[in-house]
> 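Right, I'll just put the structure down here and ask away after.
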2 protein chains.
Amino acid sequence: MTHPSPLFDDLDRKIVAALVENARTSFTEIGAAIGLSASAVKRRVDRMRETDVITGFTTTVRPAALGWRTEAYVEVYCDSAAPPRRLAEVVRNYPEIIAAMTVTGGADALLHVMATDVEHFEEVLERIRAEPFVRQTISYMVLSHLLTGSPEAGSAPPATATQ
Amino acid sequence: MTHPSPLFDDLDRKIVAALVENARTSFTEIGAAIGLSASAVKRRVDRMRETDVITGFTTTVRPAALGWRTEAYVEVYCDSAAPPRRLAEVVRNYPEIIAAMTVTGGADALLHVMATDVEHFEEVLERIRAEPFVRQTISYMVLSHLLTGSPEAGSAPPATATQ
DNA sequence: CATGAAATGCGTCGCCA
DNA sequence: TGGCGACGCATTTCATG
């Protein structure tokens, strides 16, 4: 068994859960909730930022309010010659691509794309298809979200580990 | 038409961009950067929270550090009888499903699933497939991320609007 | 109608026990 | 780790163009 694990314990988990739920919660309040002083909470948060358990604090917005009204997932099929990892460089040049990953299955990669409207999306798609080693794309336009907020990985999974 | 739109101007956009980049940035600092007082910034943030332009402040974590080491996208094909929207209720019972949406294309819905490992994922998949009106699923396991952080919708799209 | 300025209460952050 | 203290920030109230 793992020992009282000095690397990441239940207190850390509760702190992360609180910060995922609201990133602007004060250390004092978190400390009061879990029975720790504010300085102890700050130390733990600083350590988690250092070890990249916590990667940042961000704000969630309603994309439509900012003008992003069209969302899609795009499967990308690459030329068998080029490794899909090379898409990493390409993908950086598209502000419309908010996530990209290599996947198992028929396609080599999956892109998460945001656009202002369908016309804009079509334009982005044409640019992607014009990239050197992109052979084919298949798009899935998002119609509606069935899950609004993301309860997310803030909660603890069955078992836990580090790295 | 709408005039210089008091609803959402460039200052608001800059504030949102700053908060997306770091949700714990002080109003004072944001104000100094855009030429506004702290109270003015706070008022604008409060208003944006009220109108749901800003939906929350959250913390980004490295999922692997919390024990979520397996990620996948799952296409769901429903029985033609049941509307895919009914998946909304089902999906809520799965902490492993962090996003779900209806999409165009062959599948009715697309699920974003997180699990601790492949065994756990298989177990989740079996539960999903056992749901009443789920006819078929196709899974895409995520191998590696090509885009780490999400520059996201923090930046301004070509044109802007509200609602 | 939104802003800036001042006042108070609270949080943060470094230091020491 | 907790506690203390200085400083900075958030938040409210008030007056102004």
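Quick note on labels: first sequence line is chain A, next is B, and so on, each numbered from 1.
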> What is the distance, to the nearest angstrom, from the CD1 atom on I30(A) to the C1' atom on dC10(C)?
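Value for this atom pair: 15 Å.
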> Among the nucleotides dC9(D), dT11(D), dG11(C), which one has an atom lying closest to any side-chain atom of S26(A)?
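The closest nucleotide is dG11(C).
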> Do any N or O atoms from the side chain of R24(A) and from the backbone of T25(B) form a donor-acceptor pair under 3.5 angstrom?
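Yes: the side chain of R24(A) pairs with the backbone of T25(B).
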> Nearest whole angstrom, please: distance from the P of dC1(C) to the CG of D9(B).
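Interatomic distance, CG of D9(B) to P of dC1(C): 16 Å.
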> Could you tell me how far apart F27(A) (CZ) and dG3(D) (C1') are, to the nearest whole angstrom?
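Value for this atom pair: 18 Å.
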> Out of dC9(D), dA2(C), dT12(C), which nucleotide sits closest to the side chain of R44(B)?
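Output: dA2(C).
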> Please confirm whether R135(A) makes a cation-pi placement over Y77(A), using NZ or CZ under 6.0 Å from the six-membered ring centre and within 45° of the ring normal.
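Judged by the rule (NZ or CZ under 6.0 Å from the ring centre, within 45° of its axis), R135(A) is not positioned above Y77(A).
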> Nearest-Å distance, CG (L36(B)) to P (dC1(C))?
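Checked: the CG to P distance equals 19 Å.
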> In whole angstrom, give the distance that lies between atom CD of E29(B) and atom P of dC7(D).
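After rounding, the reported distance stands at 20 Å.
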> R92(B) vs I97(B), test: side chain to side chain contact (heavy atoms under 4.5 Å, CB included). Steps then yes/no.
CA-CA 8 Å; R92(B) 256 175 251 286; I97(B) 300 178; over 6 Å; no
> Using atom CG of L19(A) as one end and atom P of dG11(C) as the other, report the distance to the nearest whole Å.
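It is 14 Å, rounded to the nearest whole Å.
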> Taking CZ from F8(B) and P from dA2(C), how many angstroms apart are they, rounded to a whole number?
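After rounding, the gap between these two atoms is 15 Å.
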> Examine the side chains of T60(B) and T55(A) and answer whether a donor and an acceptor come within less than 3.5 Å of each other.
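Yes - a donor-acceptor pair under 3.5 Å links their side chains.
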> Should K42(A) be listed as having a side-chain N or O under 4.0 Å from OP1 or OP2 of dC13(C)?
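Indeed, a polar side-chain atom of K42(A) lies that close.
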> Hey, which sits more toward the 5' end of DNA chain C by its nearest nucleotide, S39(A) or A38(B)?
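Nearer the 5' end of the strand: A38(B).
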> Find which nucleotide of DNA chain D each of A40(A) and R24(A) is nearest to by heavy atoms, and output the residue with the more 5' nucleotide.
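Nearest nucleotide further toward 5': that of A40(A).
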> Distance check needed: dT11(D) C1' versus R49(B) CZ, whole Å only.
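Rounded to whole Å, this separation is 15 Å.
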> Between dG2(D) and R43(A), counting only base atoms on the nucleotide and side-chain atoms on the residue, is there a donor-acceptor pair under 3.5 Å?
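In this structure, the two groups form a donor-acceptor pair.
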> Closest to the T28(A) side chain: dA10(D), dG11(C), dT11(D)?
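The nucleotide sitting nearest to the side chain is dG11(C).
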> Less than 3.5 Å apart, any donor N or O on the side chain of Y94(B) or E131(B) sitting next to an acceptor on the other?
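Yes.
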